[in-house]
Amino acid sequence: MKLPAATAAFGVRTRLVLAFLLVAAVSAVTTAALTYREARNAVLERAQDTAVASFREEAERFVPRLPLDREAVRWELYDIAARSKPHPWIVFAEYASVRVSSGDRPASGVLTAELRRSARTSPRGAFQRVVKDGDAYLTIGMPVMTRVVAGGPAVPSGLVLYAVMSLVNEETDIDALVTAARDGALPGLAAALVPALLAARSVLRPVRELRRAAHSMGGGRLDTRIAVRGRDEMADLARTFNASAARLEHSVRELRDAGTRARRFASDVSHELRTPLAGMLAVTDVLDEDAERLDPDTARAVRLISAETGKLALLVEDLMEMSRFDARVAELNTDEVDAAEAVRRTLSGRRWHERVGTELPDGIRVRLDPRRFDVIVANLVGNALRHGAEPVTVRLSRRAGALAVEVRDHGAGIADTVLPHVFDRFYKADAARSRSPGSGLGLAIVQENVRLHGGTVDARNAPGGGALFTVELPFDGPASREEGSRSGPGRTECAP
Amino acid sequence: MPRVVLVEDDPSVRDGVEMGLLRRGHDVLATATGEAGLEAVNTFRPDLLLLDLMLPGMDGVEVCRRVRARGQLPIIMLTARGDDVDIVVGLDAGADDYVVKPARTEVIEARIRAVLRGVEAPAGVRHLVEHHGALAVDRAGHTVVRAGEPVALAPSELKLLLFLSAEPGRVFSRQDLLEEVWDHSYHSDVRLVDACVRRLRVKIEDRPDTPRYIQTQRGFGYRFGPL
Amino acid sequence: MRRRTGRAARLAVLLALAPVPLSGCGIQETEVVEAGRPAVGDLLPPRETRLLLFFHGPDGELLPVPRIVDVPWHSGGSPADGEEADQALSPLAAVTAQLTGPDEDERRAGFRNDSSLPGTASAVDRVVTDGPAVEVRLTTGVRTLTAPARDQLVCTAAYAAHPKGSRPVALAGRDGRLPPADCSVRPVPAPAR
């Protein structure tokens, strides 16, 4: 199962928001980067073009005497440097082996060999951007041609002028661009958060609604429905949910109705069967008493009817019990009793206390339905006496929060083929055996009664021969056990 | 032999029970409806009413209430296990005991004997009045007076009160009471006792939610007092 | 679980790639970029006042070096003065000055003659200008001259003979006559000021 924290950390909302932010970030960054690059290039180009044009102008104004007079040229170069646009330059002049500059040193550390080569070999101006020690410089190489004829063509004079210009201002401008881009992008990202959350909410709201509806349905409110809004996938989902919920509600209602019908049937049948029997049973003693006065055949017939009516009454009672268990309307009326006392009463009530051995420690109090407990013990002991063999013993003990009742006989035991079916309804171990007084439902009723209490019963062959039935009932009643605690509509606890 | 009015709507049950009781020497008036039963109680003047819980028209609970309102006639309910109406409703309405159908006549008779035992005050005995708080209990005359007013108690309520007050302070379990007061078996429905206690408290306690006379010992049972 | 980590990994990669477009920040270096026409000036003195000698610079390039000639200038001077002037600016004078070599200033500036050139002015016999053709006769041999040396002589003579140096020059010497050659330094059109 997913941990709730993990789900929240990478849930739908987070994914949507991240996706939004990613898109916003990518588009912001791309736009900013492209804009920045264009702007930067424009800034640089403008600076470069201005510098080259103005340097060329200066170079054309510079008319030194050839060959160069160092000092005179230096003054001229100072002038040029001072007039420089847009930023102060350092100007160098190279003529054959003469090197003059407007700065401290005649040679420059920034001018590259490539620029020199280009300026000397091709009669065109050239520039190059150089980064030295983290600073950017624009270097211009301007060869000077000289006219051989006034107003006519020119040849290279051998004089080349160089300018080195710091691009620090451009750098500042460009850094400002970067800052602007960044400062624009971040609020943009933050702003993208809002539509992201809105979008997430629009997706999550129906999801949450669905979850709530599912939870509500799981809690038993089968009439839960979701409002269908819009026409998108969420609306489809809502419609599907509603349709499924309606079908489920219908099925459950049918089942409930079927259950109700079964219960009503059980109670109707019970009434219908009991009523003729009640009348018949009430007069069996009359029949028995008067039988002697009749002729022997009639007497036998009358006694037969009387006896069978009694058995029929018992069978019908058992059937009614079973049907109530099946319809889940069996009620548990619990009381806190002394277990040993209850067993003793059961045995003495049927006059078995002489025939059955007991190990009944006092002081074990347990919450159970006394009538049903009586049925459980009586059935097991009666079974042992009828189908097993004496001596039969009943033993009570405590076992891990439950009362254990063991009924043991010393008969032939239960055959292995029979053992798994011993609690089945109407299962007779020996088919050929004559019909016993039992209805065939005795052990099944024992099992149902035990289950109603939330306990367990099992049958096995005891070591040393004979059958051993063990019933375990929780001390605190059915509520204290996980399974088997749900009975029908009424589980009443009677407290004095 | 006690005179019995029987109210039972089913003809075969009615005939059977009537036959059985007649054979045992009772005078029986059997009726089929609640109205007829009420009429019979007035005219026949029985010693006991055998009342089916599930009746058409006026149901058994209503009949029970009306009979109780008029006097202290012992009432035994005839119920079938699995009836829609809980027997507690009938017990709360004032029935003294119940019998589960189908039952042999001897079983019905045993119940009749149990209910009627100890109800009649022995004749010609001097009054033996005990005072417990505001109650004056005449053990010989079988009357109870509370703050000067006589209290009309049903037979089961009277027997229960006499039994408990005979040993004030002693706790009796519900099983004990079932056996001693009602002569039921150990495994009978203890709600019989609870319903009777409830009815008794309503009649004799100053405040039924804090009972003085009939006190509950949780997990053990009931006792009289201590005051 | 695996699907989750796969998705997480993809996201991480995307987020990591995001700053890549920004990596080209700041001012980048460039190659040498040609940027228009060179500066054009009038560094040479007027033709009437100078000789144009062609020497090699320190890196071997052939450069025109003007040398002022003291020419008496008389307004309305006599033809004899003009004659003198012509002579002072003649190709012969130019080649002679050429062979004499760079003067002190010029030497200091780094100019020099090719080593195969004869080092004396007397090596020049005469310079014949015959219509468009120019012939420089040396007393020494010319076939031993290297190409740069020949170029020097050719250019000097051509520019002395013609303002734009567009005269083919033949070199002749003791060991024969070389075919006429053009000066390698050709003037290109320059925008007027």
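All chains are named by letter (A, B, ...) in the order of the sequence lines, taking the proteins before the strands, and each is independently numbered beginning at 1. Note: hydrogens, waters and symmetry copies are ignored here, and every other heavy atom, side chains too, is used.
The candidate with the highest count of non-hydrogen atom pairs below 4.5 Å against chain A, out of C/Gly57, C/Gly110, C/Pro58, is C/Pro58. No other option in A/Ser122, A/Ser97, A/Ser157, A/Gly158 has as many heavy-atom pairs under 4.5 Å with chain C as A/Ser97.
Proximity to chain C (any heavy atom under 4.5 Å) is shown, for A/Val131, by both the backbone and the side chain. For A/Val52, the part lying under 4.5 angstrom from a heavy atom of chain C is the side chain only. In this structure, no portion of A/Thr121 lies under 4.5 Å from any heavy atom of chain C. With a 4.5 angstrom heavy-atom cutoff, A/Leu161 does not touch chain C via any of its atoms. Interface remark: A/Ala154 contributes backbone and side-chain atoms alike to the contact with chain C (heavy atom separation under 4.5 Å). In this structure, the portion of A/Phe62 lying under 4.5 Å from any heavy atom of chain C is its backbone and not its side chain. With a 4.5 angstrom heavy-atom cutoff, A/Leu44 touches chain C only via side-chain atoms. Within the 4.5 angstrom heavy-atom criterion, only side-chain atoms of A/Arg120, from C-beta onward, approach chain C.
Comment: C/Arg67 engages C/Glu106 in a salt bridge, judged by a side-chain N to carboxylate O separation of less than 4.0 angstrom.
Side-chain atoms of A/Thr112 and A/Gln128 include a donor-acceptor pair closer than 3.5 Å. Using modelled atom types and a 3.5 Å distance limit, the side chains of C/Asn113 and C/Gln98 yield a donor-acceptor pair.
The two atoms that bring C/Pro168 and C/Pro180 nearest to each other are CB-CB, 3.9 Å, heavy atoms only.
Put simply, the side chain of C/Tyr159 never gets that close to the backbone of C/Phe54: no donor and acceptor are under 3.5 Å apart. In terms of modelled atom types and a separation under 3.5 Å, the side chain of C/Arg47 and the main chain of C/Leu44 share no donor-acceptor contact.
Using bins of under 30°, 30° to 60° and over 60° for the plane-to-plane angle, the ring pair C/Phe111/C/Phe55 lands in the tilted bin.
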